[in-house]
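This report refers to the structure that appears directly beneath it.
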Amino acid sequence: MKTKDLKELMDDMSLDEKIGQLVQLSGEFFQANDISYGPREKLGITKETVNLCGSILNVAGAEATRKVQDRQMAVQPHHIPVMFMSDVIYGYKTVFPIPLGLGATWNPNLVKKGFEIAADEASSAGTNVAYAPMLDTVHDARWGRVLESPGEDPTLNSKYAEVMVTGFQDGLKKGNGVVSCFKHFAGYGGVEAGREYNSVDMSMSNLFQNYLPAYKAAVESGAKMAMTSLTSLNGVPSTADKWLLEEILRKKWGFKGIIISDYASIYELIKHGFAADEVDAADKAIEASLDIDMKSPCYANGLKKLVTNGRLDEKKIDDAVWRVLSLKNELGLFEDPYFGSSVEREKKSILSDDKRKLARQLAEEAIVMLQNKNNVLPINKNEKVALIGPYATDHSLLGMWAVHGDKKESISIAEGIKKYIPNIPIEKGTDVSRNRKMLEEMGFFSEDQINEMISADQVETQNNKKAIELAKKSDVVILAMGENALEAGEAGAKTNLKLPANQLDLINKISKLNKKIVLLIISGRPLVLTNIVDKVDAILECWFPGTEGGNAIADLIFGKNNPSGRLTMTFPYAVGQEPIYYNHLSTGRPAHNSQHVGRFVSKYLDAPADPLYPFGFGLSYGETDYRDLKLDKKVISKDDKLHVSIKVENTSEWDRKETIQLYFNDQVASIVQPVKRLIDFKKVLVPQHSSKIVEFTVSPNQLQFFDNHGALILEPGKFTLFVGKNSSDCLSEEFSLK
Ligand code: BGC
C-alpha cells in the first residue's frame with residue numbers, strides 16, 4: 001500500500017480501532033493453541049478488544065495462522081490483518097543448540113545460517129515476528145535465562161546480535177524472512193543474585209560498557225522491533241523508562257521500529273510500585289514511547305480513558321499506531337495477509353535435510369570438551385562401551401525455549417551412538433530429577449506426568465543396580481546426565497548448581513569401579529562440576545543441543561569430528577562465586593599479584609577466587625602451540641592501527657579448529673577498567689602438523705571505554721595486549737597510545 005493510502009486508512013480509524021493495534025493477546029482468545037509462557041490471570045479483556053486486536057502471540061502453524069487471520073480480518077472494521085509474533089529463539093521446528101551453545105561455536109557465520117533457516121521455517125508457518133535474539137549479557141549462572149543469551153561478553157554478543165538479526169531479516173525481501181525483535185531492553189541479565197524478575201541496579205559505565213552494546217548492535221543491524229525487560233533498572237521499570245526507550249533507544253541510537261512490552265510488563269508496573277493502577281500504568285508506558293502492550297489489559301482498557309480525560313495527547317497513540325501499521329505495510333500484509341505461508345510450503349520447509357544438516361553442524365561446534373584425561377576420548381568402539389544415564393534415550397534435548405520444537409523429532413544420544421555401536425548396552429540408572437516439589441512448582445506437569453518422571457523408590461534402586469552391573473562389565477562408560485529442560489530457562493533460577501543428588505550418587509558409585517568414564521552433560525547453564533572432575537575422565541558440555549544433538553555428540557566422542565566449542569560463560573568453582581565473569585574490574589587487592597600475602601586480598605577462605613573453567617576455554621583432540629606474538633609498533637597514535645600476529649602450530653595428527661582470542665587491558669584509566677576485555681577473535685582451521693600465522697588489526701577506538709554518563713573516552717597510556725586460547729591462557733605484550 002502506498003504511504004498516502006496508509007495515512008488515509010489511519011485517518012479513517014476510530015480511537016478504539018487504533019488502540020486495538022497496540023494490543024497483543026495470545027492464542028486462547030482466538031480459539032487457537034496457546035503455547036505462551038507466563039501468568040494467566042483473568043485480564044478483563046472484552047470481545048471488542050479481541051476483535052480489534054492488532055497482533056497475536058505464539059499462535060503458529062500455517063493452518064492456525066491462516067484461520068485466525070481470516071477471522072480477524074472479517075471482524076476488524078477496516079479488515080486490517082493481524083501480525084503473528086512468536087518465540088522463535090533458537091530455531092522453529094529444526095531446533096539448534098540453546099543460544100549459550102550457539103555462542104560457544106564462536107562461529108557467527110554459521111549461526112547466521114541457522115537464523116536464516118529458522119526464518120524460512122517460521123515464515124512458512126505464518127510467523128511475522130520472532131522474539132529474538134535475546135541479548136542480555138549474563139554474569140550469573142544461577143539465573144535460568146542464561147540459556148537464551150550468547151554469553152557474558154559484550155563484543156562477542158554484539159557480533160552475534162548482528163548475524164542473528166540479519167539472519168532473520170535478510171530473507172524479508174525474498175519472502176522467507178521474519179522481523180527480528182531483540183530483547184530484553186535493558187540489562188535483564190543483571191538481576192540481583194540471579195533471581196528471576198529481580199531488580200537490576202548498576203553503574204552507568206557498567207551498563208554502557210557491558211550491557212547495552214549488543215542491543216545497540218541489533219539496532220545498527222536493522223532490527224525492526226525491541227522488547228522491554230520485565231525488570232527495573234536503577235529504580236525505573238524498563239517498560240516505562242523514558243530515558244531508556246526515548247533518550248537512548250530512539251534518540252541516541254536512532255531506532256525507528258516498534259517497542260513492545262514483555263508479557264504483562266505494563267500491568268506489572270503496578271506491582272513494581274511504579275504505577276497506581278492500570279490506567280496510570282498505560283499512561284506511563286505510552287509516555288515512554290512503548291508501542292504494543294503484550295498480554296495485559298492496560299492499553300485496551302486505559303488508553304481511551306487517558307485521551308478522554310485529557311491526560312494523554314492522542315498524538316502519542318497515533319505515533320505508535322503509525323509504527324505498527326507501517327510495519328504491517330512493509331511486510332506486505334495488506335496485499336498478502338498470510339505472508340506467503342501455506343501448509344504445503346510449511347511441509348517442504350520444516351525439518352528438511354539441509355536444515356537438519358546445519359543443526360548437526362551447529363551442535364557439533366557448540367559442544368565444549370572440558371576435560372579429557374589420558375585421552376579417553378575419542379572412544380575406541382572396539383572396546384566394551386556402555387551408555388548409562390537418564391539422558392541416554394531421552395529425547396528432551398531441545399531446552400525450555402524451543403516452544404515450537406517437537407522433541408520426538410530430535411535424535412537422542414542413544415540413537416546417535418548406535419550409528420557407531422548398533423548394539424550398545426544401555427541403562428537409565430536414575431531419573432533426571434527426583435525432586436517432586438520442584439517439578440510440581442514448575443506448574444507444567446500433571447500429577448501423572450510427574451509420576452512418570454519420578455520412578456518409584458524400588459524401581460530407582462533397581463535402575464541403579466542394573467547400571468552398576470552394566471558398568472562393571474564395560475571398559476568405557478558413557479554417562480548421559482544433566483538438568484531437566486524446565487530447570488533452565490525463564491523462571492529457572494537456582495541456588496544449587498550441581499547435578500541433582502541422585503545423579504551425583506550414581507557417578508560416585510560408577511567412579512569406584514575403575515572404568516574409563518565419559519560424562520556428557522545436558523544443561524542450560526554452567527553447572528558446578530568441581531566435585532565431579534576427579535571422578536570421571538572426560539567431560540563434554542553438550543548444552544541442550546537441539547534436534548540433531550545425538551548425532552553431533554556421537555560424531556565427537558567417536559572422533560569423526562574434533563570438538564571445537566569454547567565457553568562464552570565462565571564455569572564457577574563454587575556457586576558462592578556467582579556472579580563470576582572474566583572481564584571483572586581490577587581491584588586494589590587482587591587475588592593474584594597483590595602486594596599483600598595471605599588473608600588480606602580479594603579472595604574466599606573456602607574456595608579459590610578463580611573459576612573452574614574460564615571464559616573462552618575448551619579442548620580439542622591433539623595439541624597446538626601459540627607462539628611468536630608480535631606487535632608491529634610499541635607506540636601508536638590515535639590515527640594509527642596496531643598490527644598483531646601470532647603463530648599457531650598444530651603439532652598433532654588431528655585437524656583442529658582454533659579460536660584465537662585477542663584481549664587487552666588498559667593499565668591506567670580514569671575509571672577502573674576490566675582485567676581483560678575481548679576485542680577480537682578468529683576461528684581458523686589448522687590442519688594436522690601445520691602452522692598458521694593469525695593476524696589482527698587493532699584500532700584505537702576499540703580501546704575506548706564508557707564513563708558514568710555514557711560518553712566514550714579514549715585515554716592515552718599503557719596497554720597490555722593478550723592473545724591466546726582462552727581468557728586465562730594467553731601470551732602478552734605491552735604497547736602505548738600517545
Ligand atoms: C518472556 C519473553 C517472551 C515472552 C513471550 C516472556 O515471559 O520474558 O522473552 O518473548 O514471554 O512469550
Exercise for the section: Determine which pairs satisfy salt bridge (Lys or Arg N to Asp or Glu O under 4.0 Å) with at least one residue from residues 101-112, sequence neighbours left out, and list them in order. Expected result: K112-D170
Exercise for the section: Using side-chain contact (heavy atoms from CB on, under 4.5 Å) as the criterion, list what pairs up with I117, not counting sequence neighbours. Expected result: F96, K355, L358
Practice task
Give a yes or no on whether the backbone of S412 and the side-chain of Y391 come within a donor-acceptor separation of less than 3.5 Å.
Solution key: no
Problem - I557 and I417, any side-chain heavy atoms less than 4.5 Å apart - result: yes
Practice task
First locate atom CG of L25, then atom NZ of K295, and finally report the distance between them rounded to the nearest 0.5 Å.
Solution key: 7.5 Å
Handout entry: Under 3.5 Å: donor-acceptor pair, side chain of Q69, backbone of V82
Key = yes
Exercise for the section: Just jot down the salt bridge (Lys or Arg N to Asp or Glu O under 4.0 Å) partners of R434, sequence neighbours excluded, or say none. Expected result: D431, D457, E460
Handout entry: A125: partners by side-chain contact (heavy atoms from CB on, under 4.5 Å), with sequence neighbours left out
Key = Y92, E346
Practice task
List in chain and number order the residues that pass side-chain contact (heavy atoms from CB on, under 4.5 Å) with M453, two or more places apart in sequence or in another chain; answer none if no residue qualifies.
Solution key: L439, F445, N484
Practice task
Please answer whether the main-chain N or O of Y188 pairs with a side-chain N or O of T231 as donor and acceptor at a distance below 3.5 Å.
Solution key: no
Problem - From CA spacing to verdict: side-chain contact (heavy atoms from CB on, under 4.5 Å), T105, Y160 - result: CA-CA 11 Å; T105 65; Y160 282 123; 3.5 Å; yes
Exercise for the section: To the nearest 0.5 Å, tell me how far M400 CE sits from I98 CD1. Expected result: 12.5 Å
Handout entry: Spatial distance of atom CD (E121) from atom OG (S352) [nearest 0.5 Å]
Key = 6.5 Å
Problem - Any donor-acceptor N or O pair under 3.5 Å, side chains Q24, Y263 - result: no
Exercise for the section: Would you please say whether a donor-acceptor pair under 3.5 Å links the side chains of K535 and N508? Expected result: yes
Practice task
Without swapping roles, check the side chain of S149 against the backbone of D136 for a donor-acceptor pair under 3.5 Å.
Solution key: yes
Problem - Donor-acceptor pair, side chain of N157 and main chain of E152, under 3.5 angstrom - result: no
Exercise for the section: Taking side-chain contact (heavy atoms from CB on, under 4.5 Å) as the test, write out the residues that go with E469, two or more places apart. Expected result: K472
Practice task
Check whether more than 12 heavy atoms from other residues, nucleotides or ligands sit under 6.0 Å from atom NZ of K509, and answer yes or no.
Solution key: yes
Practice task
Please lay out, stage by stage, how Y621 and N372 fare under the test side-chain contact (heavy atoms from CB on, under 4.5 Å).
Solution key: CA-CA 9 Å; Y621 302 141; N372 191 19; 3.9 Å; yes
Fill in the blank from the handout: So OG1 of T430 and CG of N463: to nearest 0.5 Å the spacing works out to 7.5 Å
Fill in the blank from the handout: dist T65:OG1 -> F30:CZ (nearest 0.5 Å) comes out at 13.0 Å
Handout entry: Salt bridge present between R525 and E578 (N-O < 4.0 angstrom)
Key = no
Problem - Main-chain N/O of A491 paired with E196 side-chain donor or acceptor, under 3.5 Å - result: yes
Problem - Side-chain heavy atoms of F558 within contact of P378, under 4.5 Å - result: no
Practice task
For K159 and D153, run salt bridge (charged side-chain N to carboxylate O under 4.0 Å, His left out): C-alpha distance rounded to whole Å, both residues' side-chain angles, the deciding distance at 0.1 Å, then the answer.
Solution key: CA-CA 10 Å; K159 193 68 212 152; D153 182 74; over 6 Å; no
Handout entry: Residue among L499, N496, V575 satisfying side-chain contact (heavy atoms from CB on, under 4.5 Å) with L527
Key = L499
Handout entry: Gap separating the CD atom of Q371 from the CD1 atom of I532, nearest 0.5 angstrom
Key = 10.0 Å
Fill in the blank from the handout: C181 and V129 have their tightest heavy-atom pair at CB-CG1, 3.9 Å
Handout entry: Side chain S349, main chain R345, donor-acceptor under 3.5 Å
Key = no
Practice task
Go through the steps for E116 and K113 under the test salt bridge (charged side-chain N to carboxylate O under 4.0 Å, His left out), then give the verdict.
Solution key: CA-CA 5 Å; E116 283 167 0; K113 287 189 189 147; over 6 Å; no
